[in-house]
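Each remark here refers to the structure printed beneath this line.
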Amino acid sequence: MTTHIASYPVDQVNKVKRAHERGSYDHKTVHGILDAAVLCHISWVREGQPFCTPTMFWRQGTTLYWHGSSASRMIKTQRETLPVCLTVTHLDSLIAARSGMHHSSDYRSVMAFGLAQLVVDPEEKRQGAIDMVDRLFPGRSAGLRDITEQELKATSFIKMDIEKASAKIRDGHVSDDEADYALPIHAERIPVTTILGAPSPCPRSHDLAQRPDDLASYQEGRRLDEVLVQAQKDTFGQD
């Protein structure tokens, strides 16, 4: 009995060509790398000029969402159903080898392709404003003041159904030429992680304000990517 693994279609656009053995196209791998990130970079072209915009994003199923000022150049351009490429990268280590050409890094990355579309339905837009917060802090929106109509008017939300995507992962150690291992040169792998620091309460906090449960997972010493993956599951479920 074989088990079907959901994957994105592969063609010349998203096929990993260099070090192809590091490439993956299945939903589980791609989504896991996306869910472990807060920021992405969105590449797009306007009148022949390429741009790359960093922004916060979130995922629901195979659809990605991001937001921006309604007056921004990115939003004004992408509202016209524009092809874009959204990328995410996690740096996991630095590799100091015996040869300059073998210095490297371990990483997890994703390139996702699709058509950026403006969210025009008022309810979907309002839900987007809620999801943007709850994606990081599950359930937090319920305890906040209501979003005003002016705030919604000033903010636009873009969504992109993932048509194609690829993940690329390097997860190894020092990889030198065989002859170089005999050289008296130190080599090592240096792990890199983003670790949460101690929370710093707002100095103007109300006397009755207490740190809520929706912030409980953000504790000093925890890995950010692990907290984000759990927050994704808590807010949108596992897929």
Side-chain angles (χ1 to χ4, degrees), residues 31-32 34-42 44 51 53-82 84 86 88 112 114-162 194 196-220 222-239:
H31 294 172
L34 291 170
D35 296 347
V38 176
L39 294 173
C40 68
H41 287 79
I42 302 171
W44 46 287
F51 295 89
T53 305
T55 187
M56 293 174 63
F57 80 106
W58 64 98
R59 178 183 68 86
Q60 289 185 253
T62 57
T63 301
L64 301 176
Y65 289 83
W66 58 93
H67 79 292
S69 168
S70 297
S72 72
R73 175 170 55 188
M74 177 185 75
I75 296 297
K76 286 183 177 179
T77 302
Q78 293 178 358
R79 68 187 302 144
E80 303 300 330
T81 313
L82 185 77
V84 300
L86 183 149
V88 160
L115 294 176
Q117 304 175 60
L118 182 70
V119 174
V120 294
D121 180 76
E123 289 306 312
E124 186 179 7
K125 185 176 181 181
R126 182 172 291 275
Q127 186 61 46
I130 294 172
D131 292 339
M132 178 178 62
V133 174
D134 288 356
R135 181 270 175 273
L136 299 176
F137 312 106
R140 182 166 177 79
S141 291
L144 304 179
R145 70 156 174 81
D146 290 340
I147 302 165
T148 69
E149 291 301 321
Q150 184 57 38
E151 287 174 330
L152 277 179
K153 182 178 180 181
T155 305
S156 289
F157 293 88
I158 299 291
K159 65 179 179 180
M160 182 191 83
D161 293 331
I162 304 175
T194 299
L196 298 174
S200 177
C202 174
R204 297 182 60 180
S205 292
H206 193 284
D207 290 343
L208 298 179
Q210 300 292 322
R211 195 168 196 256
D213 289 342
D214 53 64
L215 298 178
S217 60
Y218 287 83
Q219 297 291 336
E220 183 177 10
R222 291 200 64 187
R223 285 182 55 139
L224 174 61
D225 55 358
E226 293 177 352
V227 173
L228 292 173
V229 168
Q230 187 59 54
Q232 167 75 21
K233 292 179 180 178
D234 290 346
T235 299
F236 300 116
Q238 302 184 38
D239 57 358

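Distance alone, capped at 3.5 Å, places no donor-acceptor pair between the Thr235 side chain and the Leu136 backbone. Side-chain atoms of Arg204 do not come within 3.5 Å of backbone N or O of His206 as any donor-acceptor pair.
Rounded to the nearest 0.5 Å, atoms CZ (Phe57) and CZ (Arg135) are 6.5 Å apart. Atoms NZ and CD, from Lys153 and Gln150 in turn, are 6.0 Å apart once rounded to the nearest 0.5 Å. Considering CD1 of Ile130 and CG of Asp146, their distance stands at 9.0 Å, rounded to 0.5 Å. Taking OG1 from Thr62 and CG from Asp161, the interatomic distance works out to 6.0 Å, rounded to the nearest 0.5 Å. In this structure, CZ on Phe157 lies 7.0 Å from CG on Leu152, to the nearest 0.5 angstrom.
Pairs engaging residues 206-217 under the salt bridge (Lys or Arg N to Asp or Glu O under 4.0 Å) rule: Arg140-Asp214 [sequence neighbours left out].
Side chains of Leu86 and Ile162 form no contact here, defined as non-hydrogen atoms less than 4.5 Å apart. In this structure, the side chains of Trp58 and Asp131 come closer than 4.5 Å at one or more pairs of heavy atoms. Using a 4.5 Å heavy-atom threshold, the side chains of Met74 and Phe51 count as separate. Looking at heavy atoms from C-beta onward, Arg59 lies in side-chain contact with Leu64 at the 4.5 angstrom threshold. Two residues are said to be in side-chain contact when any heavy atoms from C-beta on lie closer than 4.5 Å; Val227 and Ser217 meet this criterion.
Ser205 and Cys202 make their closest contact through OG-O, 2.8 Å (heavy atoms, listed as atom of the first residue, atom of the second, distance). Closest of all the heavy-atom pairs between Ala129 and Ile147 is CB-CD1, 3.3 Å. Nearest heavy-atom pair, Glu220 versus Ala198, reported as atom, atom and distance to 0.1 Å: OE1-CB, 3.4 Å. For the pair Leu118 and Ser156, the tightest heavy-atom approach, listed with the atom from each and the gap, is CD1-CB, 3.9 Å.
With sequence neighbours excluded, no residue forms a side-chain hydrogen bond (donor to acceptor under 3.5 Å, both in side chains) with Thr55. Legend: residues meeting salt bridge (Lys or Arg N to Asp or Glu O under 4.0 Å) with Glu123, ordered by chain and number and at least two apart, are absent. With sequence neighbours excluded, no residue satisfies side-chain hydrogen bond (donor to acceptor under 3.5 Å, both in side chains) with Gln117. Looking at residues two or more places apart in sequence or on another chain, you find a side chain to side chain contact (heavy atoms under 4.5 Å, CB included) between Thr77 and Trp44, Arg46, Arg73, Leu82. In terms of the side-chain hydrogen bond (donor to acceptor under 3.5 Å, both in side chains) criterion, Thr155 has no residue partners (sequence neighbours excluded).
Of the candidates Gln78, Lys159, Met132, Gln78 is the only one forming a side-chain contact (heavy atoms from CB on, under 4.5 Å) with Trp66. Each of Glu226, Arg223, Arg222 was scored for a side-chain contact (heavy atoms from CB on, under 4.5 Å) with Leu196, with one residue passing: Arg222.
One side chain, Ser141 or Asp134, offers a donor N or O that lies under 3.5 Å from an acceptor on the other.
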Please determine whether side chain to side chain contact (heavy atoms under 4.5 Å, CB included) holds for the pair Ile158 and Ile75, giving the CA-CA distance in whole Å, both sets of side-chain angles, and the decisive distance to 0.1 Å. CA-CA 8 Å; Ile158 299 291; Ile75 296 297; 3.6 Å; yes
Step-by-step salt bridge (charged side-chain N to carboxylate O under 4.0 Å, His left out) determination, Glu151 to Arg126: CA-CA 10 Å; Glu151 287 174 330; Arg126 182 172 291 275; over 6 Å; no
